[in-house]
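Within every chain, numbering begins at 1; the chains are lettered A, B, ... in the order of the sequence lines, protein sequences first and strands thereafter.
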Amino acid sequence: MKFDVQVLDKKWQQYWKDQKTYATPEDTAKPKFYVLDMFPYPSGSGLHVGHPLGYIGSDIVARFKRQRGFNVLHPMGFDSFGLPAEQYAIDTGVHPAESTATNTARYREQMETLGLSFDWDRSVNTSDPNYFKWTQWIIGQVFEHWYDRDAQRARPITELIAHLEQHGTDGINAAETEEKIVTAREFQAMTEKERSDLLMNYRLAFRSVSYVNWCEALGTVLANDEVKDGRSERGNHPVEQRPMLQWSLRITAYAERLLAGLADVDYSEGLKAQQVNWIGKSIGALVHFDIEGHDEQLDIFTTRADTIFGATFMVIAPELDLVDQLTTPEQRKEIDDYLAYVGRRSELDRVSENKVTGAFTGAYAINPLNNARLPIYIAEYVLKDYGTGAIMAVPSDDERDKRFAEKYGIEIIDVVDKSDYPGATLKDKLGKLINSDFLNGMEVPEAIEAATRRIESLDRGKEQVNYRIRDLVFSRQRYWGEPWPIVYDENDVPRLVPVEALPVTLPEMEDFRAVSGVSPLERAKEWVNTPLGRRETDTMPATAGSNWYYLRYMDPHNSDAFVSPEAVNYWQDVDLYVGGAEHAVSHILYSRLIHKFLYDLGKVPTSEPYKKLLNQGMIGGPISYIHLGVLLTEDGQRHPIWVSSDVAEGTPLSVDGVGSGHLVLDGSAGTRLTPLRFVTETSVNNESSMRLYRSSVEEAQRMEHQDAAYFRTILQQAGAFAWKTDREGRQYLELSVEQGKMSKRKYNAVNPDDICARYGADCFRMYEMFLGPIDQAKPWSVSGIDGVYRFLRRFWNLYVGEGDQLTMSDGAPTKQEMKVLHTLIKKVTEDIDKLSFNTCVSAFMVATNELTKLNCNKRAVLEPAVRLIAPFAPHLSEELYRALGGEGSVHHADWPDVEEKYLVEDSFTYPIAFNGKTRLTLDIPADATKQDVEDAARADTQVQGYLEGKTVRKVIVVPKRMVNFVVG
RNA sequence: GCCGCUAUGGCGGAAUUGGUAGACGCGCUGGAUUCAAAAUCCAGUUCCUCCGGGAGUGUGGGUUCGAUUCCCACUGGCGGUACCA
């Protein structure tokens with residue numbers, strides 16, 4: 001038998017596939033363990049070395065748990081619907097179903113190459129009709145329910161209808177779009193269409209006109225989490241706010257439970273904090289202000305009711321309908337001009353400029369506590385979506401109100417004396433109330449309470465909890481997603497497509513490009529018009545399929561239900577969920593929402609989907625940039641040139657064939673990404689730069705390669721290159737470099753296939769684990785992989801000697817050999833449980849070094865070691881296990897138990913410290929008492945040397961730890 | 001700004017409840033083997049040093065017989081988020 005990684009990898013991967021070694025048996029007698037990796041989107045570029053970090057970690061746990069006697073569910077599938085697949089299809093002309101199938105096959109192949117122990121028979125695909133039938137069913141159920149705040153759960157819409165018929169809205173405490181009051185009589189008199197419209201106010205999946213993130217370039221609306229800094233996360237296109245008729249999920253109904261549930265799960269503090277921030281709970285007061293000369297009231301939300309005597313004006317969001325009603329004729333022009341200005345401004349301007357602007361409506365509100373007249377302004381800084389979209393402005397205690405007041409010359413009344421709290425800012429709720437009538441002298445928290453109570457007693461408002469989280473926009477005007485299972489009748493009443501008619505599949509279309517705000521499905525006339533009615537043409541976002549997929553793996557082929565009660569009652573929930581931190585908010589939050597909804601329906605037995613979450617750290621790679629500047633020649637001509645990153649503006653330059661002048665960095669200057677394959681690292685201590693040599697540029701001109709083509713393009717953009725010359729006379733440009741997430745777009749992705757081919761999957765797996773703690777970010781580097789390879793060779797050589805023959809002896813192992821083995825068992829068992837895989841690899845190295853030194857060839861030591869390394873190096877361990885005569889697969893073999901008796905030491909090497917500084921060590925019997933240890937130490941001549949001429953003030957002896965002499 | 005994470009040799013990193021800082025690996029240095037190289041093996045490798053020692057876990061303080069570990073105040077890096085009333 002030879003240590004030939006390519007042969008071993010292929011042999012055992014084929015064997016596992018043939019034998020279905022990793023199939024999950026329906027064995028409910030065993031305890032279950034569910035290890036899940038986050039659903040990948042199968043992109044065209046395949047896996048890079050950052051992806052497997054999590055996959056290997058979870059695979060080790062899955063294999064470990066199998067060996068420990070658990071029935072392990074460890075599946076993998078693909079999030080194949082969604083924007084990226086569709087954009088790719090539009091760019092390449094390949095139908096998304098086709099590209100998805102190709103990419104999925106490639107992902108699976110790569111995962112098999114890594115030796116991952118997935119049960120592929122349970123694989124799912126969100127774009128598979130057998131799968132999305134149940135996505136549609138679940139969303140249909142959401143549509144058929146409303147949220148009863150008193151019962152704190154979802155209830156069937158039929159129960160709401162029954163209540164409305166008997167009592168109207170009286171006695172209903174529901175999660176709703178807006179507060180509505182309807183009597184039973186009114187409800188009974190309603191037409192079907194009117195009823196349907198009213199119910200939309202309560203449904204958990206509902207259709208409404210609201211301001212949404214519209215992305216013109218993508219031709220669709222986006223959810224809040226798909227927008228970053230006013231641009232689409234996918235494609236980086238500008239996004240604007242537009243009122244549109246859209247389907248949404250009422251996640252706000254579950255805000256409190258989503259918050260409370262975090263206490264029951266094992267997620268990192270950071271991740272919990274992100275969820276808490278996203279939900280954004282704040283406790284404050286809703287206060288009604290009268291408006292002079294109007295019947296309407298102005299409702300505001302504030303967390304600082306105590307500062308109400310400091311309110312000197314009101315501000316409402318420009319988008320509110322109330323604006324039009326409040327504007328006086330004299331102010332009409334000013335308001336219209338301002339609204340036009342706001343309309344012109346993109347989300348991006350708003351975010352980036354952060355300046356205070358506004359306009360006066362001409363109307364006045366009346367402070368309910370002191371009847372002060374407060375001018376009502378509109379201003380961009382007040383958001384229509386938060387609270388009531390209106391505020392009472394207290395310039396003395398709010399940064400933005402202060403800037404606004406200063407700009408428009410509005411009075412500022414100090415109401416909080418912060419002199420007792422030096423260093424406190426306006427945001428801190430600290431200080432003593434002044435100029436505030438009955439609140440004077442109170443500390444802020446007390447005053448908030450008192451003011452709220454007074455407002456309530458005057459019936460001018462109430463305490464209110466407010467959330468930052470918005471309902472989840474669940475419509476996309478795109479082709480590649482699940483169609484909403486909704487049809488509209490002749491009166492435009494939406495009806496759920498019955499389960500027998502599911503799935504609603506996509507029509508075949510030649511051209512599925514989105515056209516401004518209209519779903520491409522509108523063009524599939526035959527598909528849209530059905531005997532049941534007119535189909536909804538919006539599709540669902542990618543999150544629809546991914547927020548419940550972990551349940552489908554429990555029972556992937558069920559055609560009667562999304563999961564059978566038996567399956568879900570056995571598998572319950574995910575014990576360990578591993579994936580990237582980029583899904584910390586959206587994916588985790590939305591699947592928690594759907595899970596809680598299904599819990600309310602009694603379809604799942606647990607209230608949280610993921611018990612423990614591990615976010616693997618990102619593996620970064622260098623991203624190199626080539627710098628573009630302008631050469632301003634003496635005759636005033638401007639020539640674009642590529643320059644070294646360290647060349648400063650104004651530097652005199654002379655470029656062959658162009659002339660001489662100096663460098664200008666202005667509008668046309670900038671950087672372009674450079675494919676790393678053309679770049680050489682600088683030799684000395686400089687990680688922020690790399691060199692692009694002229695020779696590689698010339699090589700690129702000749703190459704037939706995608707990267708070479710891109711590279712030629714960027715070089716053609718500038719007419720000349722201001723080469724520098726190194727010591728050997730070679731010409732180069734210096735590029736700037738930063739570490740970043742691996743992606744094909746940044747030309748820094750490293751493919752795991754090449755590494756597996758060279759070193760074998762076992763080596764790759766152990767090397768990735770050896771890089772450091774799995775949850776920490778780190779740059780990719782192959783330096784060190786040789787060390788892991790050498791270790792595997794040495795491990796192999798413990799078993800296989802000269803002539804590739806097994807060299808096992810059945811002799812009794814020595815005490816020392818058993819100690820090495822059991823130290824290893826203990827360390828690896830504990831560390832896998834702690835998800836500390838890097839230290840496991842070290843432990844294997846230490847044990848291998850020691851056993852090599854001991855020349856150990858005892859079966860009693862080496863056979864258990866094979867079972868221990870199996871989760872990390874599945875191929876090599878399988879080969880050795882079988883060679884040693886093991887039955888079946890090593891991956892079903894029992895995990896060795898640690899026997900403490902082998903770990904007991906006869907003596908302990910005590911560090912002897914003087915005043916806390918360790919000076920020497922002494923071997924003292926392990927069972928020595930404190931006094932024995934002290935006596936033994938004092939008896940030592942070296943110790944006596946240190947103590948000579950000094951007074952021993954105190955001696956500290958910690959048995960089996962250390963000895964410390966405190967001397968003076 | 002706010003929230004979270006993080007800081008240890010030339011590098012990745014290790015160090016149960018506070019108890020020998022630098023395990024393991026890379027790199028580097030020297031040696032063995034070889035005609036030579038690769039591969040392999042052995043030894044050394046935190047820094048300073050007058051070879052007695054001394055300093056040392058981002059910085060400054062504190063608690064302690066003893067601090068990488070606990071407390072206080074800073075600084076840098078990474079990630080998230082932001083007119084959220």
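- At the heavy-atom level, Thr909(A) lies under 4.0 Å from base atoms of the strands shown.
- With Lys272(A) contributing its side chain and Val265(A) its backbone, the two residues share a donor-acceptor pair below 3.5 Å.
- Here G25(B) presents its P atom at 15 Å from CZ of Phe844(A), a figure rounded to the nearest Å.
- Here the separation of G13(B) from U46(B), taken at their C1' atoms, is 14 Å to the nearest Å.
- Thr921(A) comes within contact range of at least one nucleobase, with a heavy-atom separation under 4.0 Å.
- Between the side chains of Asp401(A) and Tyr381(A), at least one donor N or O sits under 3.5 Å from an acceptor N or O.
- Between the CE atom of Met618(A) and the P atom of G77(B) there is a distance of 16 Å, given to the nearest Å.
- Taking atom CG on Asp4(A) and atom P on A39(B), their separation rounds to 19 Å, with Å as the unit.
- Using the Watson-Crick or G-U wobble rule with both distances under 3.5 Å, G60(B) pairs with C72(B).
- A gap of 27 Å separates the C1' atoms of C11(B) and U16(B), to the nearest Å.
- A14(B) sits 13 Å from G9(B) when the P atoms are compared, rounded to a whole Å.
- Although no hydrogens or angles enter the test, the distance criterion places a donor-acceptor pair under 3.5 Å between the side chain of Arg592(A) and the main chain of Leu258(A).
- Comparing the P positions of C24(B) and G30(B) gives a spacing of 23 Å, expressed to the nearest Å.
- Residue Asn838(A) places its side chain closer to A14(B) than to any other of C65(B), U81(B), A14(B).
- Under the Watson-Crick or G-U wobble criterion, with both distances below 3.5 Å, A39(B) is left unpaired in every strand shown.
- Residue contacts shown for Leu771(A) are limited to sugar-phosphate atoms, with no base heavy atom under 4.0 Å away.
- Checking the phosphate oxygens (OP1, OP2) of A21(B), a side-chain nitrogen or oxygen of Thr918(A) falls inside 4.0 Å.
- Taking 4.0 angstrom as the limit, Arg400(A) places a side-chain polar atom (N or O) nearer than this to OP1 or OP2 of C84(B).
- Between Leu271(A) and Met962(A), the residue anchored nearer the 5' end of RNA chain B, judged by the nucleotide with its closest heavy atom, is Leu271(A).
- For Asn277(A), no side-chain nitrogen or oxygen approaches OP1 or OP2 of A82(B) to under 4.0 Å.
- Nearest nucleotide to the side chain of Phe770(A), out of C65(B), A15(B), G25(B): G25(B).
- Taking atom P on both nucleotides, U40(B) is separated from G25(B) by 13 Å, rounded to a whole Å.
- Using modelled atom types, no side-chain atom of Tyr946(A) and backbone atom of Phe965(A) make a donor-acceptor pair closer than 3.5 Å.
- Checked against G19(B), G80(B), C83(B), the side chain of Tyr381(A) finds its nearest nucleotide in C83(B).
- Positionally, the nearest nucleotide of RNA chain B for Phe908(A) lies more toward the 5' end than for the other of Phe908(A) and Thr852(A).
- Proximity of Arg793(A) to the phosphate of U40(B): no side-chain N or O atom is located under 4.0 Å from OP1 or OP2.
- Nucleic acid contact for Asp398(A): none, since no nucleic acid atom lies under 4.0 Å from a heavy atom of the residue.
- Taking the six-membered ring for Trp, Tyr341(A) and Tyr338(A) have ring centres closer than 6.0 Å.
- In this structure G76(B) sits in the anti conformation; its chi angle is more than 90° from 0.
- Side-chain rings of Tyr408(A) and Phe313(A) stay apart, their centers remaining 6.0 Å or farther from each other.
- Base orientation for G9(B): syn, the chi torsion being within 90° of 0.
- Considering only side-chain atoms of Glu269(A), the nucleotide from C65(B), C83(B), C5(B) that sits closest is C5(B).
- Pair assignment for A55(B): U46(B), on the basis of Watson-Crick or G-U wobble contacts that are both within less than 3.5 Å.
- Nucleotide C5(B) is matched to G77(B) when pairs are restricted to Watson-Crick or G-U wobble geometry with both distances under 3.5 angstrom.
- Closest to the side chain of Pro773(A), from the set C26(B), G13(B), C5(B), is G13(B).
- Across all strands shown, Val955(A) has no heavy atoms under 4.0 Å from either base or sugar-phosphate atoms.
- Checking side-chain atoms of Glu380(A) against main-chain N and O of Val356(A) turns up no donor-acceptor pair under 3.5 Å.
- Ranking G13(B), A85(B), G66(B) by closeness to the Gln776(A) side chain, first place goes to G13(B).
- Here A85(B) sits opposite no nucleotide as a Watson-Crick or G-U wobble pair (both hydrogen-bonding atom distances under 3.5 Å).
- No hydrogens or angles considered: nothing links the side chains of Asp299(A) and Thr388(A) as a donor-acceptor pair under 3.5 Å.
- Here G66(B) presents its C1' atom at 13 Å from CZ of Arg919(A), a figure rounded to the nearest Å.
- For Pro911(A), whose side chain is taken as the heavy atoms from C-beta onward, the closest listed nucleotide among G13(B), U20(B), C84(B) is U20(B).
- Taking atom C1' in both U57(B) and C47(B), one finds a spacing of 13 Å when rounded to whole Å.
- C65(B) and G10(B): their C1' atoms are spaced 36 Å apart (whole Å).
- Considering only side-chain N and O atoms, Arg790(A) lies under 4.0 angstrom from the phosphate OP1 or OP2 of C26(B).
- Picking from C65(B), G19(B), C84(B) the nucleotide with the shortest atom distance to the side chain of Val958(A) gives G19(B).
- Candidate nucleotides C24(B), A85(B), C83(B) were compared by shortest atom distance to the side chain of Ser842(A), and C24(B) ranks first.
- Between the C1' atom of C78(B) and the CD atom of Gln274(A) lies a distance of 13 Å, rounded to the nearest Å.
- Considering only the side chain of Leu383(A), C83(B) comes nearest among U81(B), C5(B), C83(B).
- Of the P atoms belonging to A21(B) and G12(B), the separation is 23 Å, rounded to the nearest Å.
- The CD-P distance, from Gln275(A) to C5(B), rounds to 16 Å in whole Å.
- Asn466(A) and Ser282(A) are not linked by any side-chain donor-acceptor pair at a separation below 3.5 angstrom, with hydrogens and angles left out of the test.
- As a whole-Å value, the separation of Arg468(A) CZ from C2(B) P is 17 Å.
- Rounded to whole angstrom, the span from the CG atom of Asp775(A) across to the P atom of C78(B) amounts to 18 Å.
- Base pairing analysis places U20(B) opposite nothing; no Watson-Crick or G-U wobble pair with both distances below 3.5 Å involves it.
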